[in-house]
Amino acid sequence: ATCAASTCGVGSCAPNFGDCDGVAANGCETDLRASPAHCGACGRACALPNVAAATCAASTCGVGSCAASFGNCDGLAANGCETDLRTAISHCGACGSPCAAGAICAAGACAPLASCAAILARFPSSPSGRYVIDPDGAGAAFGSIPVFCDMTAEGGGWTMVYKLSAGVAGEPSRLWSGGAVNDEDTAYLSVGRSAGHYVSRLLGAWNAAVPVNQVRVAVYTGATEGAFLRFNGAGSNRTNWFALARVQSATWSDLGSQGQNFFQIEGLGNYGRHWFINRNYGGCPADRKSTRLNSSHTVISYAVFCLKKK
């Protein structure tokens, strides 16, 4: 302490204390070890980003509580409450609450995107696999649905809506036009051969709740894609997209220059020839330039039908 003009003053403070208000009467009133306004030294306030209430312990600033909608998810005091819980995919609504792959965080809640194409656009490194989409948006009547997304074929972003597997009963054209939906069974969500055919509810919302930009049909043997056709799906309905005039690309480069006797979904239904493309028909030995995805004349292991929405 000091005495000047008959008045006591502060000469120096005891360790860890400071005369931060400059008033001699109360001495070194501030504990610098625990004061958020004077943490470690007078005037050194704990001003941390997005922190509602800071702390000071052992002369080090810390986070007491975060501002609304923010979290200290990395546990580091230096950057305060660094995470916006309204939009952070890894910490959606609360620290340590991640959204599923392919989903976004909106207003603190996880929300699926509208299509596989939207997922790939938002997350360009997304691999092929199972995702959840919501074609008509959160809160709408259609709801969310688990799907398989092909993220590699022809730029990726394809949503599987239908899959035929060899040796499984069922007429393919009828399954396409009104087969029982089994899209909640995730066992079907791959491009591999399944124990049954796969039919998605998305087919019933074709260019309604589910805008269709392109349609891709691929046929596989084992795990290898053997051939494909890609169609323009814009403005189409559930059946008229399957037409030569809508073919954009195909394994068969001469498809457009060859005449077709059949290019139909139903094809020759009496003979189990559905999804039938044929140039010259004269019975099995005389057929030329034909491809078919059928039940009784199976020539492939399975076929996968995918949609792309942009």
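Just the heavy atoms: all of them, side chains too, but no hydrogens, waters or symmetry mates, feed the values below.
The two residues D183 and P146 come nearest to each other via the heavy atoms O-CG, 3.4 Å. Counting all heavy atoms, side chain and backbone alike, V199 lies closest to N182 at N-OD1, 2.9 Å. The minimum heavy-atom distance linking V168 with H197 is given by the pair O-NE2, 3.1 Å. Here the closest non-hydrogen pair linking A118 and A114 is CB-N, 4.2 Å. Shown here for A77 and G62, the closest heavy-atom pair between the two residues is CB-CA, 3.9 Å. Between T55 and V63 the shortest heavy-atom distance is OG1-N, 3.9 Å.
Once rounded to the nearest 0.5 Å, the distance linking CG of L113 with CZ of F123 reads 6.0 Å. Note: R193 CZ to S165 OG = 6.0 Å, rounded to the nearest 0.5 Å. Going from atom SG of C13 over to atom CG of L32 covers 7.5 Å, rounded to the nearest 0.5 Å. Taken from CZ in R230 to OG in S249, the straight-line distance is 4.5 Å, to the nearest 0.5 Å. Atom SG of C20 and atom NE2 of H38 lie 4.5 Å apart (nearest 0.5 Å). Interatomic distance, CZ of F148 versus OH of Y198, reported as 10.5 Å (0.5 Å rounding).
Side chains of F70 and R86 form a contact here, defined as non-hydrogen atoms less than 4.5 Å apart. You'll find the side chain of E29 stays beyond 4.5 Å of the side chain of F17, heavy atoms only. For the pair C99 and I104, the minimum side-chain heavy-atom distance is 4.5 Å or more. Residues R216 and L229 form no side-chain contact, since every pair of their non-hydrogen atoms from C-beta on lies 4.5 Å or further apart. Taking 4.5 Å as the limit, every side-chain heavy atom of Q248 sits out of range of all side-chain heavy atoms of E154. Side-chain contact between N232 and V215 is absent, with no heavy atoms from C-beta onward closer than 4.5 Å. When side chains are defined from C-beta on, D136 does not count as touching V210, because their heavy atoms never get closer than 4.5 Å. Using a 4.5 Å cut-off on side-chain heavy atoms (C-beta onward), I119 and M151 make contact.
Side-chain N or O atoms of Q264 include none that pairs as donor or acceptor with a backbone N or O of I277 at under 3.5 Å. No donor-acceptor distance shorter than 3.5 angstrom exists from the side chain of W241 to the backbone of Q214, with no hydrogens or angles considered. Remark: the backbone N or O of G196 is not paired with any side-chain donor or acceptor of K163 at under 3.5 angstrom. Checking side-chain atoms of H91 against main-chain N and O of L85 turns up no donor-acceptor pair under 3.5 Å. In this structure, T251 contributes its side chain and F228 its backbone to a donor-acceptor pair below 3.5 Å. Using a distance-only test at 3.5 Å, with no hydrogens or angles considered, a donor-acceptor pair links the side chain of R246 to the main chain of A234. Side-chain atoms of T159 do not come within 3.5 Å of backbone N or O of S115 as any donor-acceptor pair. Although no hydrogens or angles enter the test, the distance criterion places a donor-acceptor pair under 3.5 Å between the side chain of N50 and the main chain of C81. Between the side chain of N240 and the backbone N or O of N237 there is at least one donor-acceptor pair closer than 3.5 Å. Side-chain atoms of N207 come within 3.5 Å of backbone atoms of V212 as a donor-acceptor pair (strictly under, hydrogens ignored).
Ring geometry for W275 versus Y162: interplanar angle of 30 to 60°, hence tilted. Taking the six-membered ring where the residue is Trp, F263 and F231 present perpendicular rings, their angle passing 60° and hence far from 30°.
Around CZ of R174, the count of heavy atoms belonging to other residues, nucleotides or ligands within 6.0 Å does not exceed 12.
At a cut-off of 3.5 Å, with distance as the only test, a side-chain donor of D74 or N79 sits close to an acceptor on the other residue. There is a side-chain donor-acceptor pair under 3.5 Å between W206 and S236. There is a side-chain donor-acceptor pair under 3.5 Å between D21 and N26.
When the side chains of ILVMFWY residues are joined at heavy-atom separations under 4.5 Å, either directly or via intervening members, V181 and V132 end up in two distinct hydrophobic clusters.
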Go through the steps for C39 and C46 under the test disulfide (SG to SG under 2.5 Å), then give the verdict.
CA-CA 7 Å; C39 192; C46 293; 3.8 Å; no
Check: Are C110 and C92 close enough, and set up right, to give a disulfide (SG to SG under 2.5 Å), and what steps lead you there?
Finding: CA-CA 7 Å; C110 293; C92 191; 3.9 Å; no
| task | Would you please test C116 and D150 for side-chain contact (heavy atoms from CB on, under 4.5 Å) and show each step? | result | CA-CA 8 Å; C116 295; D150 182 342; over 6 Å; no
